Amino acid sequence: MKHDTEKYRNVFEKMSSEKIEEINRLNDEEHQRQAQAFKVGYKKDICYLCNKPFKTISKDDPCLHWLLRQCKFKKKDFPKIYEKYGYGSIAAFIRWCANQERLISNINDLEEERSDRKILSYTVKWKNIEWTFDCSKNDFEGHIGTSIDYPHYHFQMRIDGRQFINFNEFHVPFTDQDLFVLKNTMEQSDWFKHDFGAIGSGMQDAVSVDFDDILEHTCRSDNEEEATYHFSTMIDARDNPISGEEIYQIQLEAERTGKSFAFLAQKKIKGSCKTKYYY
């Protein structure tokens with residue numbers, strides 16, 4: 001099905017603000033319902049979609065949890081998954097799983113690292129598994145004149161660093177819903193927004209947050225390796241000398257309040273403190 005995104009835009013512009021608010025509310029409620037069901041099941045190693053343990057596989061009932069490879073999922077079974085689930089559902093599920101292990105840092109979807117020739121290009125890690133989605137502009141248009149003349153993407157899966165599914169083995173078709181979302185995201189980004197929800201956020205979402213908000217709302221972590229953000233704070237005291245005691249008191253306050261040293265230093269040593277962050 002062809003998607004004329006200008007027509008969708010016209011429909012959107014004719015909607016009342018109340019109608020738009022209602023649609024957004026219903027979408028948010030449905031996302032929250034699914035996210036909660038997912039998290040409850042995940043803690044028990046049970047898939048919220050099929051209500052079966054991650055370690056089970058039923059060939060006549062394909063499910064996204066197969067991709068976790070806790071069951072006897074084989075490469076030849078992959079078409080059964082994408083024939084039932086679209087890109088959006090597959091991506092959401094594994095992103096949600098990845099963020100249960102380590103929030104945001106396991107999803108490298110930074111736009112600055114994506115080639116201009118790519119529609120999709122990012123990697124998701126979970127335990128010993130790494131999945132990668134890839135779609136060039138030619139893939140998205142379909143390879144005209146070939147047997148692959150339909151919009152598709154490529155999928156790679158590595159287990160313990162070893163090959164399991166390679167990019168060139170499958171040309172995974174986008175569903176009509178996928179095409180609706182992707183085309184509107186590319187062509188109507190000023191009013192159409194799509195994401196994978198709070199538990200599906202990746203590195204791009206992390207760097208899109210205003211830095212002052214990051215400082216204010218993040219908390220200290222007892223385990224630096226599991227932290228989402230890492231701050232590096234430099235205090236320039238050449239023009240405004242600061243004692244070691246003042247720095248020590250800031251450190252104590254950070255430990256007492258749970259706030260980051262960077263946030264408190266920015267507040268207490270204005271003009272002399274510079275902070276950088278990475279993830």
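Quick caveat: nothing in here was measured; it's all calculated off a predicted structure.
Between E13 and R9, the closest side-chain pair of non-hydrogen atoms falls below 4.5 Å. A 4.5 Å side-chain heavy-atom check between E101 and K127 finds at least one atom pair inside the cut-off. Between W131 and I90, every side-chain heavy-atom pair lies at or beyond the 4.5 Å cut-off. Side-chain contact between D134 and Q156: absent, with no pair of heavy atoms (C-beta onward) separated by less than 4.5 Å. Counting only heavy atoms from C-beta outward, the side chains of F54 and C71 never approach each other to under 4.5 Å. Between I107 and M203, the closest side-chain pair of non-hydrogen atoms is not below 4.5 Å. Looking only at side-chain heavy atoms (C-beta outward), H152 and V172 stay at 4.5 Å or farther from each other. A heavy-atom distance below 4.5 Å is found between the side chains of K19 and I23.
Panel note: side chain N166, backbone N168; no donor-acceptor pair is recorded below 3.5 Å. For H154 (side chain) and F170 (main-chain N/O), a donor-acceptor pair under 3.5 Å exists by modelled atom type. Between the side chain of K118 and the main chain of S136, no donor-acceptor pair closer than 3.5 Å is present. Panel note: side chain E6, backbone D4; no donor-acceptor pair is recorded below 3.5 Å.
Taking the ring pair (Phe, Tyr, Trp, His ring centres under 6.0 Å) definition, one finds that F192 meets it with F180, sequence neighbours left out. Here I159 pairs with R69, N128, I129, M157, F164 under the side-chain contact (heavy atoms from CB on, under 4.5 Å) rule; sequence neighbours left out. Judged as a side-chain hydrogen bond (donor to acceptor under 3.5 Å, both in side chains), and not counting sequence neighbours, R117 has no contacts. Residues passing the side-chain contact (heavy atoms from CB on, under 4.5 Å) test with L26 are E22, E29, sequence neighbours excluded. For Y122, the side-chain hydrogen bond (donor to acceptor under 3.5 Å, both in side chains) partners two or more places apart in sequence, or in a different chain, are Y87. Take K52 and apply the side-chain contact (heavy atoms from CB on, under 4.5 Å) test, not counting sequence neighbours, and it matches C50, T56, S58, D61. Legend: residues meeting ring pair (Phe, Tyr, Trp, His ring centres under 6.0 Å) with H31, ordered by chain and number and at least two apart, are W96. Remark: N27 pairs with no residue by the side-chain hydrogen bond (donor to acceptor under 3.5 Å, both in side chains) rule, at least two apart or across chains. Annotation: side-chain contact (heavy atoms from CB on, under 4.5 Å) contacts of E18 (sequence neighbours excluded): S16. Judged as a side-chain hydrogen bond (donor to acceptor under 3.5 Å, both in side chains), and not counting sequence neighbours, the contacts of W126 are Y42. Partners of F12 according to the ring pair (Phe, Tyr, Trp, His ring centres under 6.0 Å) rule, which considers only residues two or more places apart in sequence or in another chain, are W191.
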Legend entry - Verdict with supporting geometry, L64 and I81, side-chain contact (heavy atoms from CB on, under 4.5 Å): CA-CA 7 Å; L64 294 176; I81 294 177; 3.8 Å; yes
Inset, instruction - Apply side chain to side chain donor-acceptor pair (under 3.5 Å) to Q34 and E30, showing your working. - result: CA-CA 6 Å; Q34 290 203 36; E30 175 59 17; 2.9 Å; yes
Inset, instruction - Could you go through the side-chain contact (heavy atoms from CB on, under 4.5 Å) check for D139 and I119 one step at a time? - result: CA-CA 9 Å; D139 294 331; I119 302 296; over 6 Å; no
Inset, instruction - Check the pair R25 / D28 against side-chain contact (heavy atoms from CB on, under 4.5 Å), numbers first and verdict last. - result: CA-CA 5 Å; R25 178 182 60 79; D28 184 60; 5.7 Å; no
Legend entry - side-chain contact (heavy atoms from CB on, under 4.5 Å) between F140 and L179, worked out: CA-CA 9 Å; F140 193 70; L179 294 175; 3.8 Å; yes
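The CD1 atom of I165 lies 7.5 Å from the CD atom of E169; values are rounded to the nearest 0.5 Å. Here K59 contributes atom NZ and K72 contributes atom NZ; the two are 10.0 Å apart, rounded to the nearest 0.5 Å. Between the CG atom of L182 and the SG atom of C135 there is a distance of 7.5 Å, given to the nearest 0.5 Å. With rounding to the nearest 0.5 Å, the separation of NZ in K193 from CG in N184 is 12.0 Å. Taken from NZ in K125 to CD1 in I94, the straight-line distance is 13.5 Å, to the nearest 0.5 Å. A distance of 13.0 Å separates CZ of F38 from CD1 of I46, quoted to the nearest 0.5 Å.
Note: F93 and Y48 have parallel aromatic rings, judged against thresholds of 30 and 60 degrees for the angle between ring planes. Between H143 and H171, the ring planes lie perpendicular to each other; the angle is over 60°, past the 30° to 60° tilted range.
In this structure, the ring of F78 has its center less than 6.0 angstrom from the ring center of F155.
A pairwise comparison of heavy atoms in S201 and A198 identifies OG-O, 3.4 Å as the closest pair.
Applying the 4.5 Å side-chain rule to ILVMFWY residues, one finds I148 in the same cluster as Y150.
Taking a 6.0 Å sphere around CD of E21, one finds it holds 12 or fewer heavy atoms contributed by other residues, nucleotides or ligands. Within 6.0 Å of NZ in K55 there are 12 or fewer heavy atoms belonging to other residues, nucleotides or ligands.
Side chain to side chain, D178 and T175 meet the donor-acceptor criterion of an N or O pair below 3.5 Å.
Under a 4.0 Å N-O distance rule, the pair D109/R95 qualifies as a salt bridge.
Neither L120 nor F167 shares a network with the other; the hydrophobic side chains, linked directly or stepwise wherever heavy atoms of I, L, V, M, F, W or Y lie under 4.5 Å apart, form separate groups for each.
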